[in-house]
Amino acid sequence: MQEEIKKTLAVLEQGGIILYPTDTVWGIGCDATNAVAIEKVYALKKRASEKALICLVSDDYMLEQHVEQVPDLAYDIIDLSTRPTTIIYDAPKGIAKNLIAEDNSLAIRVASDKFCQYLIKAFKKPLVSTSANIAGQATPSTFKEITDDILKGVDYVVNLDHDKEKKSASTIIKLGNDGVIKVIRK
């Protein structure tokens, strides 16, 4: 795993995009602070830039570095969730502007996958994480289902977990600073 982290870091530090296993499905990722890299992800997915992407952080501390005010309820949701849960927060900070939604919010998940946690900690910045498919196509649940367009469109494919099935995307909950809670995806 250490060798894969080293190779992946080299690509991320150069503004490249990666294909990597996450705690949910295979993801396309890049430096969440690099607007040019984020544009490459949107172009590869053929996804409208108005459709926000998810961001992964390694832990609560990194989460607090990229959100003006983390609602107390967020910590309970993170700790008590039985599956990966992405929370949409108001007022993100220290992130590329083209990753922030029009309503000044950002979807962030504290990664539970060990590779992701180690990679993000070593990188010291959040990562973009979006499913490894072209917009409108089915999300692949195995590495073998990832299309050639995606495989050829990234700068590096992480050589881990190619045989594991990753069935489901994360739950998404919007937690507004005004106290409004909305389940976006179960």
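We're numbering straight along the sequence, starting at 1. Source: prediction; values computed, not measured.
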Scan the side chains in residues 70-80 for donor-acceptor partners under 3.5 Å anywhere in the protein, sequence neighbours excluded, and list what turns up.
{"unit_1": "Tyr75", "atom_1": "OH", "unit_2": "Glu64", "atom_2": "OE2", "d": "2.5"}

Subject >> Point-to-point distance, once rounded to the nearest 0.5 Å, from CG of Asn104 to NZ of Lys97 >> reply: 8.0 Å
Original post:
Rounded to the nearest 0.5 Å, how far does NZ of Lys124 lie from CG of Asp31?
Top reply: 13.0 Å
**OP:** Answer yes or no: is there a donor N or O on one side and an acceptor on the other, between the side chain of Asp161 and the main chain of Pro21, under 3.5 Å?
**Re:** no
**OP:** Determine the minimum heavy-atom distance between Ile150 and Asn133, stating which atoms define it.
**Re:** CD1-C, 3.9 Å
**OP:** Would you mind telling me which of Ser131, Ser129, Pro84, Ser112 makes a side-chain contact (heavy atoms from CB on, under 4.5 Å) with Thr24?
**Re:** Pro84
**OP:** Output the distance between atom CD (Gln65) and atom OG (Ser58), rounded to the nearest 0.5 Å.
**Re:** 10.0 Å
Original post:
Considering only heavy atoms from C-beta outward, does the side chain of Arg47 approach that of Val41 to under 4.5 Å?
Top reply: no
**OP:** Determine whether Ile108 and Pro126 make a side-chain contact, defined as any pair of heavy atoms from C-beta on separated by less than 4.5 Å.
**Re:** no
**OP:** Kindly say whether Ala111 contributes a backbone atom to a donor-acceptor pair with the side chain of Gln117 at under 3.5 angstrom?
**Re:** yes
**OP:** Would you sort out whether Ile172 and Ile88 count as a side-chain contact (heavy atoms from CB on, under 4.5 Å), showing the intermediate values?
**Re:** CA-CA 7 Å; Ile172 300 178; Ile88 301 172; 3.7 Å; yes
**OP:** Find out if a path of hydrophobic residues (ILVMFWY) with successive side-chain heavy-atom gaps under 4.5 Å connects Val36 to Leu53.
**Re:** no
Original post:
Can a salt bridge be assigned to the pair Arg109 and Asp23 using a cut-off of 4.0 Å between side-chain N and carboxylate O?
Top reply: yes
Original post:
Distance-only, no hydrogens or angles: does the His66 side chain make a donor-acceptor pair with backbone N or O of Pro92 under 3.5 Å?
Top reply: no
Original post:
Is the shortest heavy-atom distance from the side chain of Val157 to the side chain of Leu19 under 4.5 Å?
Top reply: yes
Subject >> Steps toward side-chain contact (heavy atoms from CB on, under 4.5 Å) verdict (Ile28, Val128) >> reply: CA-CA 7 Å; Ile28 299 169; Val128 165; over 6 Å; no
**OP:** Report the distance from atom OG1 of Thr85 to atom CZ of Arg185, rounding to the nearest 0.5 Å.
**Re:** 10.5 Å
Subject >> Tyr156 side, atom OH; Ile18 side, atom CD1 - distance, nearest 0.5 Å >> reply: 9.5 Å
Original post:
Could you walk me through whether Tyr20 and Leu56 pass the side-chain contact (heavy atoms from CB on, under 4.5 Å) check?
Top reply: CA-CA 12 Å; Tyr20 67 116; Leu56 294 182; 3.6 Å; yes
Subject >> Side chain proximity check, Cys116 to Thr22, heavy atoms < 4.5 angstrom >> reply: yes
Original post:
Is there a side-chain contact between Thr147 and Gln137 (heavy atoms, below 4.5 Å)?
Top reply: yes
Original post:
About how many Å separate CG of Leu9 and CD of Glu4, when rounded to the nearest 0.5 Å?
Top reply: 11.0 Å
Subject >> Tyr89 vs Leu63 side-chain heavy atoms within contact, under 4.5 Å >> reply: yes
**OP:** Kindly indicate whether the side chain of Thr171, heavy atoms from C-beta on, has any atom under 4.5 Å from the side chain of Lys186.
**Re:** no
Original post:
With side chains defined as the heavy atoms from C-beta onward, is the minimum distance between Lys174 and Asp90 less than 4.5 Å?
Top reply: yes
Original post:
For Tyr118, does the OH atom have more than 12 heavy-atom neighbours from other residues, nucleotides or ligands under 6.0 Å away?
Top reply: no
